[in-house]
Amino acid sequence: MQTACTHLDQIQKVTPHTPNGCEECLKIGSRWVHLRLCLECGHVGCCDSSPHTHATKHFHHTGHPIMQSFEPGEDWGWCYVDELQLNLPPRSKS
Ligand SMILES: [Zn+2]
Ligand SMILES: [Zn+2]
Ligand SMILES: [Zn+2]
């Protein structure tokens, strides 16, 4: 059983594309529950509690494995491939 994420070297210093919300939801005028930031390209997508689950769809489309919560005060990450929660350093506030 996998207990460690092997994708940590794919984490980039990303700038969120759409700091105001989920990229796709903003386009279609939809709403989201929580936001997730792709740590490989900076895509902002909505969580699995949101109607469109764009963060998970982004992983399926791109294969980018690691996201971090984009909610204020939340720094935890998630690897979609290993299905592991990750302890990540806090996002730098730009
Ligand atoms: Zn991983
Ligand atoms: Zn969305
Ligand atoms: Zn991405």
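In each ligand, atom 1 is the first atom listed, and ligand 1 is the first ligand listed. Just so it is clear, the structure is predicted and the values come from calculations on it, not from any experiment.
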Query raised in the report: Does the side-chain contact (heavy atoms from CB on, under 4.5 Å) test come out yes or no for E40 and V14, once each step is laid out?
Result: CA-CA 7 Å; E40 189 157 340; V14 296; 5.8 Å; no
Query raised in the report: Given V33 and C46, is the side-chain contact (heavy atoms from CB on, under 4.5 Å) satisfied, shown in steps?
Result: CA-CA 7 Å; V33 179; C46 49; over 6 Å; no
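Put simply, the angle at the Zn ion (ligand 2) from SG in C22 to SG in C46 is close to 120°, to the nearest 10°. Here the angle at the Zn ion (ligand 1) defined by ND1 in H7 and OD2 in D82 stands at 100°, rounded to 10 degrees.
Backbone or side-chain N, O or S atoms of H52 do not reach the Zn ion (ligand 2) at under 2.8 Å. At least one N/O/S atom of C41, from backbone or side chain, sits under 2.8 Å from the Zn ion (ligand 3).
Atom CG of N87 has 12 or fewer neighbouring heavy atoms from other residues, nucleotides or ligands inside a 6.0 Å radius.
In this structure, H58 and H43 have parallel ring planes: the angle between them is below the 30° cut-off, well short of the 60° mark.
Both L26 and F70 belong to a common hydrophobic cluster when Ile, Leu, Val, Met, Phe, Trp and Tyr are linked at side-chain heavy-atom distances under 4.5 angstrom.
For the Zn ion (ligand 3), the nearest N, O or S atom contributed by H64 is named ND1. Between the Zn ion (ligand 2) and the N, O or S atoms of H54, the shortest distance is to ND1.
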